Every structure is written in C-alpha cells, then in structure tokens.
Amino acid sequence: MGKSIVEKILAQHIVIGEAVKGSEVGIKIDQTLTQDATGTMAYLQFEAMGVPKVKTELSVSYVDHNTVQIGFENADDHKYLQTVAEKYGIVYSRAGNGICHQVQLERFGKPGKTLLGSDSHTPTGGGVGMMAIGAGGLDVAVAMAGGPFYLTYPKIIKINLTGKLQPWVAAKDIILKVLEIFTTKGNVGCVFEYGGPGVKTLSVPERATITNMGAECGVTTSVFPSDEITREFLIAQDREADWTELLADEDAEYDRVVDVNLSELVPLAATPHSPGNISTVRELGEMDVDQVCLGSCTNSSYKDMMTVARILEGKKLHPNVSFVVAPGSKQVIENIIQDGGFASIVSAGARIAESACGFCIGNSQSPKTEAVSLRTSNRNFFGRSGTKSANAYLVSPETAAAAVITGKFTDPRDLEKLGIKYPEVKMPAKFHIDDSMFIFPGDDKKDVEISRGPNIGDPPAAEPLKDKIAGEITLKVEDKITTDHIIPAGSKMKYRSNVPKYSEFLFEVIDPTFHDRAEVIRDSGRDNIIVAGLSYGQGSSREHAALCPMYMGVKAVLAKSMERIHNANLINFGILPLNFKDQDDYDKIDQGDALEISDIKAALVNNQNLIVKNLTKGLEFKATYILSDRQKEILIAGGTLAYMRKQQ
Ligand code: MIC
Ligand code: SF4
C-alpha cells in the first residue's frame, strides 16, 4: 500500500513506538522555534536541563510578540533571549525581523523535516511540506535537549482540492471553508493532508495561510505536498538546495477524504467570537466597519500585502475606518518597497505597524467600544483584541481591502462595480534577501553571561501527584474555553517571565474573582479543581495556561473534552487532566461544590476509572483519562522536569 506525505515524514522520524493509529509515538525533531512570549519560560526550563548546546539541526529564537516596550520587562526578556541563544547555539531573530512563522517559512522551512514550535501556529511550515507542530515551551525545551516529541499517531484526513479559486476569492476563504466543515472542536489527534489537482493552483504563502489556520480546527498539523511550486519558492529564497520533492503515493489511503472545490468558494468571514462561526461575506450585509487590520502570521506575506496594495492603488481609506498594516517580516517590507506596494498602502492612509504580532494578540490597536473590526488574523476570541465589547471578524486580505475603501462589509467581488480589477499578483522569481537581523551563533561562545532582568523569575516547580485530591470546584466553565480565556495575552503578556504576577490575571475575562478565591483555597491547604465543557484549552499553546493554574494550586481539570496542546501542558506541570465518563454528570455539579478524588495512583496504574465524590451534593460519579504510561509517570513524578531528573 502506498503512503501519504504524513506517513512518509513520520516513518523517517519515529524513534519510539510504532506507526499504529491512536498509539503514542516519539519523533525526532529536526528544527525548533520559540517566540519571546513563550520562549523565556522555555529557555529557563532548557537551562535547568543542563545541556551545553542545543542538539537539533536548527533552533531559532524569535522576538515578535512582546515588542511593545512599555516598562523594562519586555526589553529585559529580549536581552535574556539573545544571551541564551548565543550561549546554547541558537539563531536569534531580533525584534523587527518579523513574525516567527513567516520568517521561518521564508528562511528555514525545509520539506520533509520536523519542526516543533512553542506557538500553536507553527503548522505554517506545512506550506512547504514540513511536519510542523505547535507545543508547550517545555516540550520544545526537551526537543532542543535532544529528546523526542511525543504525539498520538494521527488519523490522516485528506483534503482533496479541485478546481481553481475565482478572482477575489482567497486562500483564507479555503481555510474558513475547512473550518466550517470541521469546526473548532472534535479534531484532536488528526492531521490534514492537502492533495488533489487544486494544489498546483496555490502558491506557498497561500498554502501557508491554510496550514497556519488549521490550528483553529485543533488538528496536530496540516501539510501540503512539496512540488515544483515549493521549489520555485525556495529558489526565490535562494535556497534551492533545501528543496526535495514530497508527494503522496497514488494509492495512499486516508482515514477520511473531504473534497473542496475551489471554483465554488465565495468570500467568507468568521464572525464573533470564534474562528469556527462561518458566514459568507454577502450574508453579513453592509455593516459599517470601524477598523481594518492587515497582517498576522496568517496573512502578512508579500502576496497578501501586494494584493491589497494593488487594490488600493490611487484610493484613499474611508473616513470612518482606521486601517492598520503589519507586514509579516522585514523581507516582506523590503520587497513591497521595491515593488511599489508600500507606497500605495501608505498613500491610501494605512497606519504602518511594526512587523510583529501587534494587533493580533491585542497588545496594541485595540478598537473602539463596540467596534466592528475586520482582521486578516486567525483568532477572534472574546476579548482578544483588547476591547471586550468589540466584534472581530476574520477575513481575507481582499475582503479587508474592500472595507477600507467602502467603510462597510463588502464582498470584494463588488469592487469590480467600482471599476477595480482583480490584481493577479505574481510571486517574485527572486526575493530581495537580507539576513542581517539574525544573529547566528558562533562556535567560540562558551563563556557568555546570561542577562537576567528583575522580571525574570525561576519557573515554579510542580509537586508530585497527590493520592487524594480534596478541594473545591473553584470554577465551572462552558464549552470551547480558549487559552485566551484562561490566561489573557495582550497588555498582560509582559509578565510571562513572572509567574506569580501573571497568575493574577487567570480567567480574568470570565471571572475576575478567580485568582483571589483560588488563593484562599490553596493557602488553606485545599485543592482547586476546574470543571469544563467540550474542547477545553483551544487556541494558543501558551503553557502559562497550565503553569499559572499549577502555581495557584489547581490539581485537576475535569472536562467533557480537551485540546491536544493544553492537555500536554497540564501533564507537563503535574495537573491531572480528567474527562467525565458520563457527560451528563457535568450538569449535576456546580461551582463551589466540595469534591474528593481518592486512591488516584492505584487507579492510574491499574487503568481504572477514578471515583469523584461530590461531598456537597452527596453524589458520586466516574472520571476517565487518556494517559499513556509515560504520561502517568510524569504526573506521579510531579511534572516533566521532575520526571527527567528522576530518569537521569
Ligand atoms: C496566539 O496566537 O495566541 C499566540 C500568542 O501566538 C500563542 C502563543 C502565546 O500565547 O504566546 C499561540 O498561538 O500559541
Ligand atoms: Fe503572533 Fe497572532 Fe500569529 Fe499568534 S496568531 S503568532 S499572536 S501573529
């Protein structure tokens, strides 16, 4: 039987376990990336492992999230990251060089390789045929130290692309269609592999938009073939030597095949407050638009920027619209300057933002009260823009540009009525390339002194698993709680290196009393327990969504279901991830109920359900778990760092 692309890459990388669907395998990681907001904690943990140099083929440390420097904290973190990179043999990408995923794709992406990144949008690398996976910082630290990355051998879903996009319909509309089909929940343990005759109609940045936002479906990653188009892209990046062909065999078998006919797609939007709420742009009517944001790792490539630039040529922005543009990298800026796109964007009235995450993570450009904000980014979770009352819609660059001109939600195909022709932007045969914003490690950097500002504290240590968890349901939440709900980013993100301080903002958007209530319970020697609905922990890979609860004495999370990265982060920090055996039990318990779970270790070792006693209601019910033997040992040891120490 032939093999899929995913099977081919995995076959070359499995170092522990066997290629059996649903079983745990350990894979070798060729490349890692970190970004500053998750990176400081990842490197603090890497330092604790006592390894003299990274053991990967390539590790890159980016600074792109915390680039708004109000106060010393972020600048201190940047210096810490730079010195750590120098000491341990890591490439450092300075603030200003661009968004990690865009830059990694441009300069380092290699077909057939594995990439592990401490950011959930690492699958952007799937645009050049990499198996690129997002994970918590600690998992990335382990990979840098040469350890395998563990994942469930995935179900492989082929997304068979046929036809060709019509003018004004974009790659973003393809992934929004995929989100409509698959939604944001229920896809844990799956990988999307793109194939079919439609693939050759898509450029690398278009493919990367699609793999980037597969993260919103909760799949482990998404992968495109590596073909002639990939080769042309790598030639344009002066990296032809990095190209290899990577195609699925004709007779490869998949767990499911879903057809998407590109010719039938129309402009789509994700409506508030989930990337899975999909409408056509037409259906939304001519709503007034207050803000348009172009950028983020989903849509900030040369092609995205040039397309908008050409649409806006000779036009001015609508008086009611604030238009923000953040090109994805220094390379994108230099190339759109060279090709005249930058001038037309500036002349149209754009506010040019730094080449960084910026508006996407809500650390700048928060829109006005009750604003309608059109964004080309990938997440419109409640409160993420920094303005709780705002409504953020996720759209393509084409739809964004149409709103800049008209001031209203506008199907970009209607621009033809205004005499605007669809710009067919071609990819450059050669990009202007300048790698001077990377600092490459030298061989002679042994005595580097690591710079630690006062914001950087040691990561708190987890405690070994207790045999009895006894405490209270400190918080009961609904379905689809994201890591943005658990611990906000935005302006609070500068406390990432200071866990006690950052923990003050836990669950802030849902219940600002959480921190103080949890503190009282923890300090009285009782345990905090969180109860959740379906798909708990969607979105960001931020391990602070586990690390801060751990610090606040959360010992278990009991959910109807949980997303992959968050589940792994809970285990890494010694928090027990449990599921309801009978989902109806969720409705029988309330916030504030006293719970007791006894004889935990014996149950784990014997693969038995756990019995949860609700002392307040005098009820009992069963909880299950999906844990490999390795994960059980990690929990019993008190988290991954303690487990590694024990093994050494
Ligand atoms: C995000 O898009 O939510 C982030 C900010 O990039 C996160 C990482 C983080 O919280 O630092 C992600 O996607 O993993
Ligand atoms: Fe940055 Fe936004 Fe991409 Fe996250 S989704 S990496 S915040 S641009």
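As the structure lists them, so they are numbered: ligands from 1, and atoms in each ligand from 1. Position 1 is the first residue of the sequence; numbering continues from there. Computed from a prediction, not measured in an experiment: that's the story for all the values here.
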Which heavy atom of the protein is the closest neighbour of [atom], given with residue, atom name and distance?
| atom | answer |
| --- | --- |
| atom 10 (O) of ligand 1 | Arg542 NE, 2.6 Å |
| atom 8 (S) of ligand 2 | Cys297 N, 3.3 Å |
| atom 12 (C) of ligand 1 | Ser120 OG, 3.3 Å |
| atom 2 (Fe) of ligand 2 | Cys360 SG, 2.3 Å |
| atom 8 (C) of ligand 1 | Gln35 NE2, 3.2 Å |
| atom 1 (Fe) of ligand 2 | Cys357 SG, 2.3 Å |
| atom 2 (O) of ligand 1 | Arg384 NH2, 2.9 Å |
| atom 7 (C) of ligand 1 | Ser540 OG, 3.1 Å |

Checklist entry - Is there a heavy atom in His544 that sits closer than 4.0 Å to ligand 1? => result no

Just let me know how [X] lines up against ligand 2, side chain, backbone, both or neither, with a heavy-atom cut-off below 4.0 Å.
| X | result |
| --- | --- |
| His101 | side chain |
| Asn378 | side chain |
| Asp119 | side chain |

Item to check | Proximal ligand 2 atoms for Ile361, defined as those under 4.0 Å from one of its heavy atoms | outcome: 7 (S)

Next on the checklist: Please evaluate residues Val128 and Val204 with respect to the criterion side chain to side chain contact (heavy atoms under 4.5 Å, CB included), reporting the C-alpha separation (whole Å), side-chain torsions for both, the decisive distance (0.1 Å), and the verdict.
Outcome noted: CA-CA 7 Å; Val128 290; Val204 165; 3.7 Å; yes

Got a donor-acceptor contact below 3.5 angstrom from the [X] side chain to the [Y] backbone?
| X | Y | answer |
| --- | --- | --- |
| Asn569 | Ala545 | no |
| Asp30 | Glu57 | no |
| Asp36 | Asn66 | yes |
| Lys480 | Lys185 | no |

Looking at [X], which atoms of ligand 1 are within less than 4.0 Å of one of its heavy atoms?
| X | result |
| --- | --- |
| Asp119 | 4 (C), 6 (O), 7 (C), 8 (C), 12 (C), 13 (O), 14 (O) |
| Ser541 | 12 (C), 14 (O) |
| Thr38 | 9 (C), 11 (O) |
| Ala37 | 11 (O) |
| Ile361 | 5 (C) |

Checklist entry - Which one of Asp64, Thr298, Asp119 satisfies the side chain to side chain donor-acceptor pair (under 3.5 Å) criterion with His101? => result Asp119

Any nitrogen or oxygen of [X], main chain or side chain, under 3.5 Å from a nitrogen or oxygen of ligand 1?
| X | answer |
| --- | --- |
| Asp484 | no |
| Asn378 | no |
| Ser118 | no |
| Arg496 | yes |

Checklist entry - Are any N, O or S atoms from His65 nearer to atom 1 (Fe) of ligand 2 than 2.8 Å? => result no

Next on the checklist: How close do Ala215 and Arg379 get, counting heavy atoms only, and between which atoms?
Outcome noted: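 Between these two residues, the closest heavy atoms are CB-NH2, 4.4 Å.
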
Checklist entry - Where is the tightest heavy-atom contact between His544 and Ala37, given as atom of each residue plus distance? => result CE1-O, 4.1 Å

Angle class for the [X]/[Y] ring planes (parallel below 30°, perpendicular above 60°, tilted otherwise)?
| X | Y | answer |
| --- | --- | --- |
| Phe192 | Phe182 | tilted |
| Phe505 | Tyr495 | parallel |
| His273 | Phe382 | perpendicular |

Checklist entry - Can Gln291 and Ser322 be said to form a side-chain hydrogen bond (donor to acceptor under 3.5 Å, both in side chains), step by step? => result CA-CA 5 Å; Gln291 185 189 44; Ser322 170; 5.0 Å; no

Next on the checklist: Please confirm whether Arg384 approaches ligand 2 to less than 4.0 Å, judged on its heavy atoms.
Outcome noted: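 Flag set, Arg384 near ligand 2.
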
Checklist entry - Taking it one step at a time, do Asn378 and His121 satisfy side-chain hydrogen bond (donor to acceptor under 3.5 Å, both in side chains)? => result CA-CA 9 Å; Asn378 45 39; His121 291 105; 3.1 Å; yes

Next on the checklist: Determine whether Thr40 and Ser497 satisfy the following criterion, side-chain hydrogen bond (donor to acceptor under 3.5 Å, both in side chains), listing intermediate values before the conclusion.
Outcome noted: CA-CA 6 Å; Thr40 49; Ser497 311; 3.0 Å; yes

Item to check | Tyr88-Tyr43 aromatic ring centre distance below 6.0 Å | outcome: no

Checklist entry - Among His65, Met493, His101, His121, which residue places a heavy atom closest to atom 4 (C) of ligand 1? => result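 Minimum heavy-atom distance to atom 4 (C) of ligand 1 goes to His65.
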
